[in-house]
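Inspection log for the structure reproduced underneath, given as structure tokens.
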Amino acid sequence: MSLRGTIRWGGLERSARDRRLPTASTAPEGTPSTQKLSLRLEEGTGMARRQVEQSTFLGALFHGSWNGGVYGQFVRARHYVSHLRQLHVVYEALESVLPGLKDGPLARVLRLPELRRASALAADLDWFCGDTRTKPFACAEARLHAERIHEVAAEAPHLLIAHAYARCVQDLFTAPQRSALIARAFELENGRGTAFYNAVSAGELRVFQGRLAARLDEVVLSEGEAQEVLQEARLAFRIQGLICDELARDAPGLEDASGPLNP
């Protein structure tokens with residue numbers, strides 16, 4: 001992937017400015033989708049989700065032992081901050097397109113309050129970095145992810161569902177577990193430094209998942225559009241995986257983070 005907007009997808013290189021990704025649908029154009037969108041996304045993105053969840057970077061960041069000690073904690077904090085900075089770029093992009101959405105089922109998905117996490121990310125970056133947070137840093141893959149969000153918002157807004165779904169699965173569904181892990185790893189108290197992952201508590205998670213599924217299923221799409229959303233969701237997960245790969249390449253000490261954290 002490069003800043004010119006090229007994405008390796010299915011063995012091909014495609015411009016991020018492509019309005020549509022290829023789909024396997026054989027239904028006539030305009031045929032209504034008969035499968036619930038929430039179920040289609042859950043079943044159709046399994047492999048893409050697992051590839052991100054099993055990435056070296058996220059595995060070490062959230063489940064590595066880091067050999068304990070002050071130095072291990074410091075190195076891990078550097079990588080955690082890099083992770084938050086990439087997320088901040090993506091969430092700012094998602095929130096920036098909200099004013100242009102027309103009221104309706106699509107907007108109801110994208111305007112879920114739990115998805116508005118840019119300010120929480122800024123608060124966590126302030127906690128970890130202080131004044132140095134003003135120094136911009138985002139890898140090329142994160143900037144391209146933001147570019148893709150702006151492009152589909154302008155050309156095919158229904159594809160924004162895919163990016164919202166990917167963020168819910170990767171960040172909100174894992175929030176209760178990761179909030180506890182981060183608080184323990186960096187000895188944080190009273191929610192300081194964990195605002196981003198405090199979006200959904202363990203007790204609220206099932207209710208939030210049900211609300212998300214209900215809102216997804218309210219969106220009326222043709223069969224072709226539903227297939228496009230599924231392909232875009234796979235792409236969103238794939239880009240996140242590329243971001244993790246890039247962060248892993250620039251993560252000294254990552255190889256020392258072997259072994260699980262104590263539960």
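Only this structure's heavy atoms are used, side chains among them; waters, hydrogens and symmetry mates stay out.
Salt-bridge annotation for Arg50 and Glu53: absent, with no side-chain N of the basic residue lying under 4.0 Å from a carboxylate O of the acidic one. Note on Glu187 versus Arg192: no salt bridge recorded, every NZ/NE/NH1/NH2 to OD/OE distance being 4.0 Å or above. Electrostatic pairing of Glu114 and Arg211 counts as a salt bridge here, judged by a charged N lying under 4.0 Å from a carboxylate O.
With no hydrogens or angles considered, a side-chain donor-acceptor pair links Asp171 and Tyr91 at under 3.5 Å. Looking only at atom types and distance, the side chain of Thr174 has no donor-acceptor partner in the side chain of Gln177 under 3.5 Å away. Side-chain contact annotation: Gln209 with Arg206, donor-acceptor N/O pair under 3.5 Å absent.
A continuous path of Ile, Leu, Val, Met, Phe, Trp and Tyr side chains, each step under 4.5 Å between heavy atoms, connects Leu159 with Leu98, placing both in one hydrophobic cluster. When the side chains of ILVMFWY residues are joined at heavy-atom separations under 4.5 Å, either directly or via intervening members, Val97 and Val89 end up in two distinct hydrophobic clusters.
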Please assess His83 against Phe62 for the test ring-ring contact (aromatic ring centres under 6.0 Å, His included), listing each intermediate value before the final yes or no.
CA-CA 11 Å; His83 173 62; Phe62 291 111; 5.8 Å; yes
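A donor-acceptor distance shorter than 3.5 angstrom exists from the side chain of Thr45 to the backbone of Leu41, with no hydrogens or angles considered.
Taking Ser38 as the reference, Asp217 meet the side chain to side chain donor-acceptor pair (under 3.5 Å) condition, with sequence neighbours excluded.
Using bins of under 30°, 30° to 60° and over 60° for the plane-to-plane angle, the ring pair Phe186/Phe128 lands in the perpendicular bin.
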